[in-house]
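Order of the sequence lines fixes the chain letters, A, B, ..., with proteins taken first and strands second; residue numbering starts at 1 for each chain.
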There are 2 protein chains.
Amino acid sequence: MTSVSTEPRDTDGPTPATPPTGGSAAQRERRRRILDATISLAAEGGFDAVQMRAVAEQAEVALGTLYRYFPSKIHLLVSALAREFTKDVDRSAIRATPGDTAHERIMYVLNRRTRALQKQPKLTEALVRAFMFADQSVTGEIHEVGTSLTTVIARAMHGTPDHGEVTEEEAAIIRIISDVWLSALISWVTGRMDEKDVEKSIDVAVRLLLR
Amino acid sequence: MTSVSTEPRDTDGPTPATPPTGGSAAQRERRRRILDATISLAAEGGFDAVQMRAVAEQAEVALGTLYRYFPSKIHLLVSALAREFTKDVDRSAIRATPGDTAHERIMYVLNRRTRALQKQPKLTEALVRAFMFADQSVTGEIHEVGTSLTTVIARAMHGTPDHGEVTEEEAAIIRIISDVWLSALISWVTGRMDEKDVEKSIDVAVRLLLR
DNA sequence: GACTGATGTAGAACGTGTTACAAGTCTAGA
DNA sequence: TCTAGACTTGTAACACGTTCTACATCAGTC
């Protein structure tokens with residue numbers, strides 16, 4: 001499925017590849033349709049239902065075109081995840097997070113997001129599995145997701161939309177919280193934790209880390 | 001690759017399936033050969049090189065037999081991981097972990113294991129990716145791995161081979177440390193962290209959690 | 001308006017995980 | 001020893017991610 005060993009393989013220069021912005025209007029439109037189709041299929045049937053032929057058909061592009069835009073299924077799903085997360089970041093920039101303490105605010109933000117994901121279990125399963133399965137070639141998209149998450153938590157920590165300077169220590173804490181959140185999400189997706197467990201495990205982590 | 005939706009599919013009763021113990025001597029032997037072949041192929045070429053036909057050939061069993069023992073590639077790899085981890089647990093039971101503080105002892109244990117994994121990057125990549133990609137049907141094997149890790153950390157925390165009663169709080173801390181360790185391992189496998197980063201991120205987590 | 005290179009389309013083809021099947025082999029019990 | 005049933009084997013077939021190829025279309029340039 002993934003081949004780390006092969007060379008860059010693409011000798012052609014100007015592939016639209018992945019950038020969300022840039023390209024003609026028609027291209028941005030196609031990209032949007034592809035990601036919409038991905039989300040829609042994932043929401044219905046999870047990871048397995050996101051079949052490249054099905055995505056291409058629903059997005060009304062040829063299979064080759066799909067692969068020109070997203071070089072693999074994993075890229076596709078992680079890009080979809082990145083797009084969704086970016087929306088959240090934009091929202092979180094609008095106003096301050098409610099809550100009196102950093103703990104409360106972080107829990108507010110993460111729980112809100114967790115519940116949103118839990119409303120669409122299939123979609124979440126698809127996105128989380130893809131994220132976890134991603135290899136080296138997906139570094140860019142993964143990083144984008146990580147940055148979104150970090151930004152949102154940092155904002156919640158400080159309680160203001162402007163993400164000021166975070167100290168080394170704060171950055172470390174945020175990273176750990178992200179790790180725990182993702183792990184919990186995986187456990188939930190794979191049925192090893194229920195919704196309560198997820199909230200509790202994050203709550204414990206935040207409490208231990210912020211004391 | 002994975003289908004959660006299908007029925008149990010096996011109507012026959014006495015499948016050897018997965019249990020490491022039980023079955024005839026020949027069966028235990030076959031199981032061992034299969035896991036050995038898996039590890040060997042993974043060590044050479046990582047996840048992609050563990051091809052079911054190749055495993056079957058190297059283990060000198062038919063493809064159908066391989067699937068009777070391990071119902072999917074993911075089961076196979078996670079079982080291999082579980083076997084390796086179990087060995088570690090057995091070793092850790094033999095004598096007390098060196099180190100004067102819980103922090104030191106935990107770092108000792110995790111770093112030792114981390115370095116062992118880093119010596120075989122391809123193998124680690126294969127095992128970690130499989131672990132992360134596992135779905136509901138692999139719960140049993142995953143749990144086995146989680147238990148091993150928890151046990152080892154608990155022992156290190158207390159400094160004695162006998163894992164006495166762990167408090168709720170300790171259990172929570174151990175879980176978080178496991179999460180961070182796994183996340184770091186993934187980041188390392190996918191080239192987003194180097195070896196130093198892995199150690200540091202765990203060190204920070206342990207320090208923050210044990211203070 | 002014709003030419004050219006990039007982009008898109010349709011569909012075949014290939015590789016690997018997984019399943020299905022027919023026939024051989026081994027084991028326990030009569 | 002013979003037989004029934006489970007277990008193995010070898011092999012074909014299928015599904016889906018991915019690649020490849022031949023042709024159509026479109027945008028920009030002369």
May I ask you to say whether [X] pairs ionically with [Y], meaning some side-chain N is under 4.0 Å from a carboxylate O?
X	Y	result
Arg83(B)	Asp36(B)	yes
Glu195(B)	Arg115(B)	no
Asp179(B)	Arg175(B)	no

With the side chain of [X] defined as its heavy atoms from C-beta on, choose the nearest nucleotide among [options].
X	options	result
Arg30(A)	dT8(D), dG8(C), dT16(C)	dG8(C)
Tyr67(B)	dT8(D), dG17(D), dG17(C)	dG17(C)
Leu63(B)	dT9(C), dT18(D), dT19(C)	dT19(C)

Gap between atoms [atom1] and [atom2], on [X] and [N] respectively (whole Å):
X	N	atom1	atom2	answer
Glu57(B)	dT9(D)	CD	P	13 Å
Lys73(B)	dG17(D)	NZ	P	15 Å
Phe133(A)	dG17(D)	CZ	P	12 Å
Arg68(B)	dC7(D)	CZ	P	5 Å
Gln51(A)	dC14(D)	CD	P	17 Å
Met52(A)	dG17(D)	CE	P	7 Å

When you check the phosphate oxygens OP1 and OP2 of [N], does a side-chain N or O of [X] lie under 4.0 Å from one of them?
X	N	answer
Arg53(B)	dT16(C)	no
Tyr69(A)	dG8(C)	yes
Gln27(B)	dA6(D)	no

Checking the side chain of [X] only, and the main-chain atoms of [Y] only, is there a donor and an acceptor separated by less than 3.5 Å?
X	Y	answer
Glu125(B)	Phe47(B)	yes
Arg155(B)	Val89(B)	yes
Arg105(B)	Thr97(B)	no
His75(A)	Ser137(A)	yes
Thr65(B)	Val61(B)	no

(Q) Using a strict heavy-atom distance below 4.0 Å, which residues from residues 35-45 of chain B are in contact with DNA chain C? (A)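 Within this stretch, nothing sits under 4.0 Å of the strand.
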Q) Heavy atoms under 4.0 Å, any strand shown: does Val55(A) hit a base, just sugar-phosphate, or nothing? A)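 Counting heavy atoms under 4.0 Å across all strands, no contact is made by Val55(A).
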Please enumerate all protein N or O atoms sitting under 3.5 Å from an N or O of nucleotides 26-30 of chain C, with distances to 0.1 Å.
none

**Q.** Pairwise side-chain contact, Ile39(B) with Glu84(B), heavy-atom cut-off 4.5 Å (strictly under)
**A.**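 They are in side-chain contact.
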